[in-house]
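Below is one structure, written out as structure tokens; the observations come after it.
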Protein chains: 2
Amino acid sequence: MADAQASSAAHEAWELLTEVMMGQRSRMLAIASEFDLAPAQVMALKSIEPGSPKPMSELATLMRCDNSNITGIVDRLEARGLVARRPGDRDRRVKMLEVTPEGEELRRQLHGRLSRPPEPLASLGEEDARALRDILARALGRNDD
Amino acid sequence: MADAQASSAAHEAWELLTEVMMGQRSRMLAIASEFDLAPAQVMALKSIEPGSPKPMSELATLMRCDNSNITGIVDRLEARGLVARRPGDRDRRVKMLEVTPEGEELRRQLHGRLSRPPEPLASLGEEDARALRDILARALGRNDD
DNA sequence: TATTGTTATACTCTATAACTATA
DNA sequence: TATAGTTATAGAGTATAACAATA
């Protein structure tokens, strides 16, 4: 019964969180189209960190989609000069993805736009913002004790 | 400078929140495919509440997409017997969308799967869960004071 | 034999523009 | 003229299956 009580507050929190997320959908879409990128392209670009090339299959895993999709997504990013395919060193079947200088710049701009807290969070008082941060850190297992 | 401090905690909270949301993506996709629905179809079905028919244009607004997309999405839901188009009472140009009994049942099942808090939230202690709920309620303007 | 990435195919989502039937 | 919904079209994402090169 302690369990039922516990899940009630978590349940309500999840419903509110869902609402926050839904509210961000249009913002994300707007930012993506600002940069003339499809949402999947944004996700791919965010996933490839400068300085640490990734096999295509790893990108597929991160994006939870089939390898065959990645071919097209990377084709389009490569056509725009944002990422590049490089042959793998050991296994000649794999192709490593890396961000070009242009890609890095766009990535920076994207991050600048996406990392800004949306209205609901920005409107929180300092005390609430800190408490929220700490609770989320615990939820994600970033224990600071 | 109080502002810079304030946005720092909100900023960190937003980064953590983004992480929570990303973690839910595959869950959402999995649940959608469990019911043989595309993500946009899930969103449409969730948006049409039983007992309160909606014009197609209103669905387009809710889903942040063009009217023309809604035609196809509703076509497929209607072909599966989940929603129905009904002529508008006053303005004969509009078509009202309503959920069929089958649609209501599927909606119920969907909600049952989607409304369950995901791992990070479910793992929170009761005190954190309540605090999280209250902070999110304030963030969304659900003031209880 | 198994795996990485590609290609071919088919379906869904998306926006734009042109169209219809109403208003 | 303007609006609600459709159709036509084109581009992008998605999964499946078949394939080439490599392991």
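In what follows, every chain begins at residue 1, and chains take the letters A, B, ... in the order their sequences are listed.
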Tell me whether B/W14 contacts the main-chain N or O of A/A122 through its side chain, where contact means a donor paired with an acceptor under 3.5 Å. no
Any residue of residues 79-86 of chain B with a heavy atom less than 4.0 Å from an atom of DNA chain C: none
A/D91 CG to C/dA2 C1': how many Å, rounded? 12 Å
Considering all heavy atoms of both residues, which atom of A/D128 and which atom of B/R138 are nearest to each other, and what is their separation? OD2-NE, 2.7 Å
Separation of C/dA15 atom C1' from B/I73 atom CD1, nearest Å, is 12 Å
Salt bridge (Lys or Arg N to Asp or Glu O under 4.0 Å) assessment of A/R108 paired with A/E105: CA-CA 5 Å; A/R108 241 190 312 273; A/E105 174 56 23; 3.1 Å; yes
If you pin A/C65 and A/R90 to their nearest nucleotides in DNA chain D, which one's is more 5'? A/C65
Kindly work out whether a path of hydrophobic side-chain contacts (I/L/V/M/F/W/Y, heavy atoms less than 4.5 Å apart) joins A/L106 to A/M28. yes
Could you state the CG-P distance from A/L59 to C/dT4, rounded to the nearest angstrom? 14 Å
Cluster overlap B/V42 with B/L29, hydrophobic side-chain contacts below 4.5 Å: no
Between atom CG in B/D66 and atom C1' in C/dA17, what is the gap in whole Å? 10 Å
Interatomic distance where CG belongs to A/N69 and P belongs to C/dT7 [whole Å]: 14 Å
Is a donor-acceptor contact shorter than 3.5 angstrom present between the side chain of B/R92 and the base of C/dT22? no
Nearest-nucleotide check on DNA chain D, A/R93 vs A/G72; residue mapping nearer the 5' end is A/G72
First-last contacting nucleotides on DNA chain D - partner chain A, under 4.0 angstrom, heavy atom: D/dA12 to D/dA23
Rounded to whole Å, the NZ-P distance (B/K95 to C/dA21) equals 11 Å
Residues at least two apart in sequence or cross-chain that pass side chain to side chain donor-acceptor pair (under 3.5 Å) with A/E78, listed by chain then number, are A/R85
Are A/M96 and A/I48 in one and the same hydrophobic cluster, where Ile, Leu, Val, Met, Phe, Trp and Tyr link if side-chain heavy atoms are under 4.5 Å apart? no
Rounded to whole Å, the CE-C1' distance (B/M56 to C/dT22) equals 16 Å
CG/B/L97 to CG/B/L82 distance, rounded to the nearest 0.5 angstrom? 12.5 Å
Can you measure B/N67 atom CG to C/dT14 atom P for me and round it to whole angstrom units? 13 Å
Answer yes or no: is there a donor N or O on one side and an acceptor on the other, between the side chain of A/R25 and the main chain of B/M63, under 3.5 Å? yes
Show your reasoning for whether salt bridge (Lys or Arg N to Asp or Glu O under 4.0 Å) applies to B/R142 and A/E19. CA-CA 12 Å; B/R142 309 276 197 298; A/E19 206 170 319; 2.3 Å; yes
Kindly state each residue pair satisfying side chain to side chain donor-acceptor pair (under 3.5 Å) with at least one member in residues 32-47 of chain B, sequence neighbours excluded. B/E34-B/R113
What residues 34-48 of chain B contributes to the DNA chain C interface at heavy-atom separation below 4.0 Å is B/A38, B/A40, B/Q41
Counting only N and O atoms by type, is there a donor-acceptor contact under 3.5 Å from the side chain of A/T100 to the main-chain atoms of A/G81? yes
Test of understanding: clusters of I, L, V, M, F, W, Y form through side-chain heavy atoms closer than 4.5 Å, transitively. Do B/L140 and B/L132 belong to the same one? yes
For nucleotides 8-11 of chain C, print each protein N/O atom paired with a nucleotide N/O atom at under 3.5 Å, atom names and distance only.
none

Of B/E104, B/R86, B/K54, the one forming a side chain to side chain contact (heavy atoms under 4.5 Å, CB included) with B/E98 is B/R86
